[in-house]
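Notes for the one structure printed next.
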There are 2 protein chains.
Amino acid sequence: MVDEIEGLPVRARSSRRSRAGPTISDVAREAGVSLMTVSRVMNGKTNVREETRERVQSAIKALNYSPSMAARNLAAASEIRIGLLYSNPSAGYLNEFLVGSLDQASRANVQLVVQLCERPEERAAIVQRLVEGGVDGVILPPPLCDADAIHRFLQEAEIPAVVVASGRPPAGLSSVSIDDRAAAAAMTRHLTELGHRRIGFISGAPDQTASALRLQGYGDALSEEQLASEPELVVQGLFTYRSGLEAAQRLLALVPPPTAIFASNDDMAAAAVAVAHRLGLDVPGDLSVVGFDDAPQATTTWPELTTIRQPIADMSRAAVQLLVDDIRTVRDGRSPSPRHTRMGFELVLRQSDAAPPA
Amino acid sequence: MVDEIEGLPVRARSSRRSRAGPTISDVAREAGVSLMTVSRVMNGKTNVREETRERVQSAIKALNYSPSMAARNLAAASEIRIGLLYSNPSAGYLNEFLVGSLDQASRANVQLVVQLCERPEERAAIVQRLVEGGVDGVILPPPLCDADAIHRFLQEAEIPAVVVASGRPPAGLSSVSIDDRAAAAAMTRHLTELGHRRIGFISGAPDQTASALRLQGYGDALSEEQLASEPELVVQGLFTYRSGLEAAQRLLALVPPPTAIFASNDDMAAAAVAVAHRLGLDVPGDLSVVGFDDAPQATTTWPELTTIRQPIADMSRAAVQLLVDDIRTVRDGRSPSPRHTRMGFELVLRQSDAAPPA
DNA sequence: GGCCCTGATGATACCGGTGTCAATAGCCGA
DNA sequence: TCGGCTATTGACACCGGTATCATCAGGGCC
């Protein structure tokens with residue numbers, strides 16, 4: 001706008017070319033081959049003589065060439081945009097999730113659109129807007145991984161999606177998760193091995209399918225040990241700090257109180273610690289408290305929480321890759337067969353657990 | 001590949017074209033104008049007759065056209081990639097920062113490369129790799145906003161950068177920040193107005209320039225009230241939870257102890273609360289504790305923290321925009337004049353502050 | 001030795017936009 | 001009434017890659 005005040009091109013000096021880096025033709029000239037050969041080398045095609053490949057590769061290195069995403073996308077008609085819908089952002093989780101997705105997205109040469117989707121009633125509308133805006137696929141981290149309204153919409157629109165950490169992935173969608181049930185069992189077993197016999201459990205939000213799995217895992221471990229699972233020891237939580245406060249208060253009001261509390265996530269575990277301190281209990285001397293997720297919360301609390309570590313960044317990386325594969329499959333005219341990736345978890349021992357008081 | 005088994009194109013139906021949406025030529029045909037006219041309308045150029053513009057716009061709406069980023073970037077040679085370097089990820093901060101940057105980046109049609117940069121000795125190398133990888137500019141949130149090694153490298157390479165929340169932006173770089181000094185003064189004033197006279201201060205990491213400003217603000221407010229600032233009331237922290245624990249212990253061991261503690265961030269404030277509880281003190285009944293940042297930590301602790309809210313997402317949005325402008329300026333052959341954006345802060349009152357005990 | 005076939009390489013047409021410049025039409029003043 | 005000027009529009013090259021198909025050299029086989 002402002003450059004045209006005089007009616008003349010004010011800045012004539014810069015040609016149309018402004019991108020700094022070398023192009024594929026520069027490399028081709030340097031290596032003494034054609035464009036296509038360079039392109040083949042860049043894309044790892046096999047039908048290039050080894051000697052030629054090496055010459056091209058050293059030319060690439062010499063010129064420090066890196067291909068233009070824009071041109072590549074345009075030519076290959078492979079521009080992919082994927083939407084990442086999130087809600088109820090437990091900061092730590094979302095943060096790791098974002099870092100992983102971004103990393104994989106840039107690696108896979110894919111554009112990521114991150115979109116907040118808070119109120120349940122606007123969910124369908126937001127997804128619709130996203131799809132109309134040209135998004136080719138959607139990633140659903142918890143809690144949206146269990147949002148039926150979104151699943152239905154995507155299914156109708158025939159948009160691929162990947163759900164992460166859902167306890168019961170809807171038919172037709174790919175998923176990435178850990179074995180929540182086995183992880184919860186492992187943690188519970190850890191507590192029984194320390195000698196605990198009365199273990200309180202704070203469950204997760206009922207609208208998230210992973211919650212039920214964690215509860216089942218807790219039950220599994222108890223029955224292995226021939227311990228009856230007493231209903232009063234299981235209290236409903238919502239994955240929020242506040243709900244953890246209330247749940248812990250109820251558990252610690254029991255007579256006799258549990259000697260350990262296993263919360264379904266770290267936020268609620270931190271809340272349980274706070275309640276215990278307020279009641280004058282020492283953690284872990286008088287009460288062990290353990291969590292789930294290994295959120296940042298776990299180490300910014302005192303004592304630091306023993307918890308289950310989920311490889312969140314790796315999970316989101318895997319989700320992006322799965323989704324990209326599905327989108328490519330759809331574009332080829334085939335229909336994708338959902339795949340389910342299960343990642344490993346890890347029991348992280350810190351300072352919030354100990355043997356029960358004598 | 002597999003499509004050529006017969007030597008014939010197996011899937012003739014899909015031409016090379018796989019992108020679903022209509023292209024600019026479809027719109028041009030529909031509206032009965034040339035490509036360029038559509039392009040002009042899309043880019044809001046002024047030299048298009050009103051009637052033509054309307055015809056084009058209704059064609060756009062009719063076809064639900066949205067332009068291809070790839071083609072646009074390629075043609076305009078305006079592909080911009082900006083690097084976002086982070087370190088020491090205080091999850092909540094980084095999270096909000098990422099969300100804001102991503103939002104603005106997708107709005108401005110810019111690619112964002114997020115890169116962890118942990119150990120000080122690799123900083124220069126990482127930045128170098130980023131720049132060689134084709135990044136056109138860099139955003140430096142705290143604590144990297146104060147990393148001299150990075151500044152020097154960028155300056156030499158003539159890569160634009162924007163520092164966020166630095167207390168003393170290096171010459172030549174644009175910056176976004178809040179008035180840390182005024183904010184700290186406001187918080188301190190709030191405490192004195194509640195009646196506190198002995199206010200402990202936990203300062204931030206000494207290698208971050210904002211720390212000094214917050215300390216100055218604390219001092220400002222004290223001298224307004226004619227209160228001497230006693231050296232023993234100011235304890236060095238490092239912005240980490242652990243450092244907050246130690247600092248709070250030292251403050252509460254003073255005789256007489258302070259009636260309020262102002263921590264330079266929420267992590268340390270949460271630590272101060274934990275120490276107070278462990279000593280059997282009620283917060284805020286016996287001791288007020290306030291923080292800075294309004295990190296998620298502030299509301300996932302008990303009691304919830306009174307703190308200073310920084311508009312982190314807005315700051316990162318602004319940073320992206322500033323950087324994009326600078327990059328465009330450089331590409332035009334002009335040299336960018338650094339701009340400094342200062343955003344507002346907010347005193348958020350919650351439950352961790354009260355009048356001093358009688 | 002001639003023929004067919006295969007693997008490596010190159011020439012060229014695109015992908016979907018934007019920049020440049022030319023062409024045209026409408027308006028003004030002389 | 002005519003030349004000059006501006007506002008509007010269009011034709012065309014070009015951005016930097018990839019896909020397709022042609023070309024060419026060499027090897028196996030009869």
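In what follows, chains carry the letters A, B, and so on, assigned in the order in which the sequence lines appear, proteins first and then strands, with residues in each chain numbered from 1.
Across D:dG10, C:dT18, D:dT8, the shortest atom-to-atom separation from the side chain of B:Arg72 is found for C:dT18. Checked against C:dT18, D:dT9, D:dA19, the side chain of B:Ile24 finds its nearest nucleotide in C:dT18. Closest to the side chain of B:Ala75, from the set C:dG16, D:dG17, C:dT9, is C:dG16. Comparing atom distances between the B:Ser39 side chain and each of D:dT9, C:dT18, C:dG17 picks out C:dT18 as nearest. Here D:dT20 is the nucleotide among C:dT9, D:dT20, D:dG17 with the atom lying nearest to any side-chain atom of A:Met36. Side-chain proximity of A:Leu74 to the nucleotides C:dT9, D:dG17, C:dC15 is greatest for C:dC15.
Put simply, A:Thr37 has no side-chain N or O that comes within less than 4.0 Å of OP1 or OP2 on C:dA8. In this structure, B:Ser68 does not reach the C:dG17 phosphate: none of its side-chain N or O atoms is under 4.0 Å from OP1 or OP2. Between A:Thr52 and C:dT9 there is a side-chain polar atom (N or O) within less than 4.0 angstrom of OP1 or OP2. The phosphate of C:dT18 (OP1 or OP2) has a side-chain N or O of B:Asn43 nearer than 4.0 angstrom. Distances shown here put a side-chain N or O of A:Arg49 below 4.0 Å from the OP1 or OP2 atom of C:dT9.
The nearest heavy atom of DNA chain C to B:Ser25 and to A:Ser34 marks one nucleotide each, and the one closer to the 5' end goes with A:Ser34.
Side-chain atoms of B:Val99 and A:Tyr86, non-hydrogen and from C-beta on, do get closer than 4.5 Å to each other. Side-chain atoms of A:Ser39 and A:Met42, non-hydrogen and from C-beta on, never get closer than 4.5 Å to each other.
Formation of a donor-acceptor pair under 3.5 Å by the B:Asp136 side chain with backbone atoms of B:Arg81 is found in this model.
Following rounding to the nearest Å, A:Glu50 (CD) and C:dT9 (C1') show an atom-to-atom distance of 16 Å. One can place CG of B:Asn73 at 12 Å from P of C:dG19, the figure rounded to the nearest angstrom. The CG atom of B:Asn47 sits 15 Å away from the P atom of C:dC21 (whole-angstrom rounding). Protein atom NZ of B:Lys45 is 9 Å distant from nucleotide atom P of C:dT18, rounded to whole Å. Between the CZ atom of A:Arg53 and the P atom of C:dG7 there is a distance of 15 Å, given to the nearest Å. As rounded to whole Å, 16 Å separates atom C1' of D:dG17 from atom CE of B:Met69. Taking atom CG on B:Leu35 and atom P on D:dA13, their separation rounds to 13 Å, with Å as the unit.
Side chain B:Arg40 to base D:dG10: a donor-acceptor pair is found below 3.5 Å.
Summarising the geometry, atom CG belonging to B:Leu85 is positioned 12.0 Å from atom SG belonging to B:Cys145; distances are rounded to the nearest 0.5 Å.
Direction of the helix axis in the helix from C:dG1-D:dC30 to C:dA30-D:dT1 shifts by 40° between the two five-pair termini, rounded to 10°.
For A:Arg49, the salt bridge (Lys or Arg N to Asp or Glu O under 4.0 Å) test picks out A:Glu51, with sequence neighbours left out. For A:Asn73, there are no side chain to side chain donor-acceptor pair (under 3.5 Å) partners at least two apart in sequence or on another chain.
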